[in-house]
2 protein chains.
Amino acid sequence: MRSNGTMDRRARDTARVTISDLSRALSLTKGTVSRALNGYPDISEATRNRVIRAAQAMGYRPLSQAQAIKTGRSCSLGLVVELSQYDAHRPFLAEFLAGLTQAASAEGWTLTIATSESETDTIRIMRDLVRDRKADGFILQRVLWEDPRIAYLERENVPFICYGRPKNREKVSYFDVVSEAAMADAITWLARLGHVRIGYIGSAPDYAYSHARRDGYRAGLAAEGLTYDARLVVEGALSPDHAAQATRQLLALETPPTAILCATDTLARGVYEVANTLGLKIGSELSVVGYDGAPEGQAMWPRLATFAVDNRQAGARLGAMFIARMQDPEAPATQGVIRATFTPGGSTGRPTLTSDQLARHLANLAAVTA
Amino acid sequence: MRSNGTMDRRARDTARVTISDLSRALSLTKGTVSRALNGYPDISEATRNRVIRAAQAMGYRPLSQAQAIKTGRSCSLGLVVELSQYDAHRPFLAEFLAGLTQAASAEGWTLTIATSESETDTIRIMRDLVRDRKADGFILQRVLWEDPRIAYLERENVPFICYGRPKNREKVSYFDVVSEAAMADAITWLARLGHVRIGYIGSAPDYAYSHARRDGYRAGLAAEGLTYDARLVVEGALSPDHAAQATRQLLALETPPTAILCATDTLARGVYEVANTLGLKIGSELSVVGYDGAPEGQAMWPRLATFAVDNRQAGARLGAMFIARMQDPEAPATQGVIRATFTPGGSTGRPTLTSDQLARHLANLAAVTA
DNA sequence: AGCATTGCCGAAACCGGTTTCGGAGACGCA
DNA sequence: TGCGTCTCCGAAACCGGTTTCGGCAATGCT
């Protein structure tokens, strides 16, 4: 048994070709081979090529842990996902990880992932990870408008990159989906259908994306020549329940919205819930638009019109940007964006009732229920 | 700039206390300290305690990468998630990772995660990960009934543990949720409501869980004294579209089911879709039960009755089991299970129509539509 | 008292790399 | 021919640990 184990280890070890094997085969010293492979200028091109060729032929790959103890870099990017009460289920993670790991493994990097329960927990975990050299830096997702993680990492001089655009974004590297454009597009879409009063349910202003989406909503109204009415806006919703309450509030207005734009698909669930219990027909008597392209939107009936986010591409871009940044720390902050793509659904349509008619209809429905 | 970077590195390095620091403070050699901490028998209890106490006081934590190059163990467990066409969105991942990383970090381990696009890709990635010592072993999720990953890892003698129970499970370590019990419970629940003809839509038999759920369905029928009718069973569904087709097939029977049990929540989406387009009232004219407790079930209307799976606990248990196994490789395979918890929803109710009445009703609806 | 054990620790090699330093040889130039 | 310079590589220290080996002192035993 025991001997079996050791035999296996030995078998695996002999399978691995070390820098000593390589140097022996080339009749060079370890040091020379190392410098040749790492691009030191004091190696002639001839021997450098000879070394590289031999390394390739023998299948040599440096053991990153051995490098790490001298260089301090472990070639692994860290991701600490914070499990808050509301967005733990967000399924974007799988696709995002796919992109990240793909970009990482393309460069020979790996992804070290950890989870935390709170903000302070996150920072503690990040500290431990860099201290133990388990991560050279971090990808920050769900960035806050004023993110303590950014403050911490900047102070400690640990490399990082954001998925999202925080408040003071000039010096930080980020990648993001421009959801403000999506929100504006949604307004255009709804306005062309004939909607005049369009409500908005936004999420917590702590998050960076909340700002972008709210701004997009206002920009869209302006572009379509619709007047902004503060009563049509409810912000700070995080769960379907919050959104349901917001929906009831919006529908209780004397001139209620005929369409509601939600900052996330999850919030749209609350709108559906209220509409379904009231007996309001979604897609005609009330139009709804979400954002995220989450599978829950596909589970709704009628299917939720929303904006699909390519989280995989985001992950891939973020990973590539991060690694490039680690390669050349002198380079300035890199920034990039993509757009979300609209995916229509049965949840929008021409308004069959005007705002006034809708108010009366709601009164009737309430009377029937009572 | 450059000097800035090096200064930071030095600052971080001095912050880290090495085994040499510790040995110097104790007036012992590195070797003695190392053996003391690693439980070698040739160290007196007195000095061992002295060392441990000092280590704690000085905040010494061995650098895992340095250990790894000698021991071969990197104290990181690998997870390769395979992004198949259908279950990529499954949101279980976040909770599962939470459990895994929690268990890992409790023991000072980390989680290295990678993604792959196919089965052969997965095995290639696993091979690279152990070769480069980025993972000491693997957690296998979504295990297949006959899983090539298991065959590979057993052959290569790489430690692993399964989330799920494959075909030949005697010698493998696993943890699983006993979905067969849930399926049987679902039958009981439906039978008590008055359902006699209960359909079943199962997923691809490749997956290990498909077997458990199908068996549970049959066991439930037997327990309730209901006869098994092969025509009420459709298997091999992977997407809502497949499930929709299966639903149409079941409803076209001369004596259609008044309730449909689905192997997953995702499949239930297909049932809803057909019912909604036909105008069939879910929860009265047709009852539906799912499995997984996915958020999409909460987005459906009426809310899907399903079985919630505690993926976090599963992750935590799997992580702990794996690490324990690595600590003592001689130990026999460990195995454990938990049960899913039923979460009622509006999708089930007493059948307002018998099977025959439902068939006539469906004929009417079809006539109206045509 | 003499001798073989045993317990406990130091010394040193080792793991797989990186990095510094110094020197041999080729070369240019007077 | 002599000398300085430059190119390129070897030698060796180092990183932070682990593990083997050997020896000294204290014990047990006759």
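Fair warning: this is a prediction, and the values are worked out from it, not measured in the lab. Convention: sequence-line order gives letters A, B, ...; per-chain numbering from 1. Values below: every heavy atom of this structure, side chains too, minus hydrogens, waters and symmetry copies.
- Using a 4.0 Å cut-off, no side-chain N or O of A/Gln67 falls inside it from OP1 or OP2 of C/dG17.
- Considering every non-hydrogen atom in both A/Lys30 and A/Ser20, the closest pair reads CD-OG, 3.4 Å.
- Closest contact between the side chain of A/Arg16 and the listed nucleotides D/dG17, C/dG17, D/dA11 involves C/dG17.
- Put simply, A/Thr71 has no side-chain N or O that comes within less than 4.0 Å of OP1 or OP2 on C/dT18.
- Across C/dA11, D/dG17, D/dG10, the shortest atom-to-atom separation from the side chain of B/Arg35 is found for C/dA11.
- Taking atom CZ of residue A/Arg50 and atom C1' of nucleotide D/dC8, one finds them 13 Å apart after rounding to whole Å.
- Of the residues near DNA chain D, A/Ala66 and A/Ser27, the one whose nearest nucleotide (by heavy atom distance) lies more toward the 5' end is A/Ser27.
- Comparing atom distances between the A/Thr47 side chain and each of D/dC9, C/dG17, D/dG16 picks out D/dC9 as nearest.
- As a whole-Å value, the separation of A/Leu63 CG from C/dC14 P is 19 Å.
- Distance from the side chain of A/Lys70 is smallest to D/dC15 among C/dG10, D/dG10, D/dC15.
- When distances are taken from the side chain of B/Ile69 to each of D/dG10, C/dG17, C/dG16, the shortest belongs to C/dG16.
- Looking at the side chain of A/Thr18, the nearest of the listed nucleotides C/dG16, D/dT19, C/dT18 is C/dG16.
- Residue A/Tyr163 forms a ring pair (Phe, Tyr, Trp, His ring centres under 6.0 Å) with just one option from A/Phe96, A/Phe138, A/Phe322, and that option is A/Phe96.
- Between A/Tyr174 and A/Gly164, the shortest heavy-atom distance links the atoms CB-O, 3.4 Å.
- Heavy-atom minimum distance, B/Arg16 versus A/Asp132: NH2-OD1, 2.8 Å.
- The separation between B/Leu26 atom CG and C/dG10 atom C1' is 15 Å, rounded to whole Å.
- With rounding to whole Å, B/Asn49 atom CG is found 12 Å from C/dC8 atom P.
- Qualifying side-chain hydrogen bond (donor to acceptor under 3.5 Å, both in side chains) partners for B/Thr32, counting only residues two or more places apart in sequence or in other chains: B/Thr29, B/Arg35.
- Rounded to whole Å, the distance from CD on A/Gln65 to C1' on C/dC15 is 12 Å.
- One can place CZ of B/Arg131 at 15 Å from C1' of C/dG16, the figure rounded to the nearest angstrom.
- B/Leu26 and B/Ala54 get closest at one heavy-atom pair: CD2-CB, 3.7 Å.
- Contact record, B/Leu140 with B/Phe160: CD2-CD1, 3.9 Å, taken as the closest heavy-atom pair.
- Two residues, B/Thr29 and A/Ser34, neighbour DNA chain C, and the one matched to the more 5' nucleotide by heavy-atom proximity is B/Thr29.
- Annotation for B/Gln327: atom CD counts as buried by contact number, over 12 foreign heavy atoms lying within 6.0 Å.
- Looking at heavy-atom distances under 4.0 Å, A/Ser64 makes no contact with the nucleic acid at all.
- Distance B/Lys30 NZ to C/dC9 P: 19 Å, rounded to the nearest Å.
- Contacts between residues 36-45 of chain B and DNA chain D, counted as heavy-atom distances below 4.0 Å, involve B/Asn38, B/Tyr40.
- Atom pair A/Ile19:CD1 and C/dT19:C1' shows a separation of 12 Å (rounding to whole Å applied).
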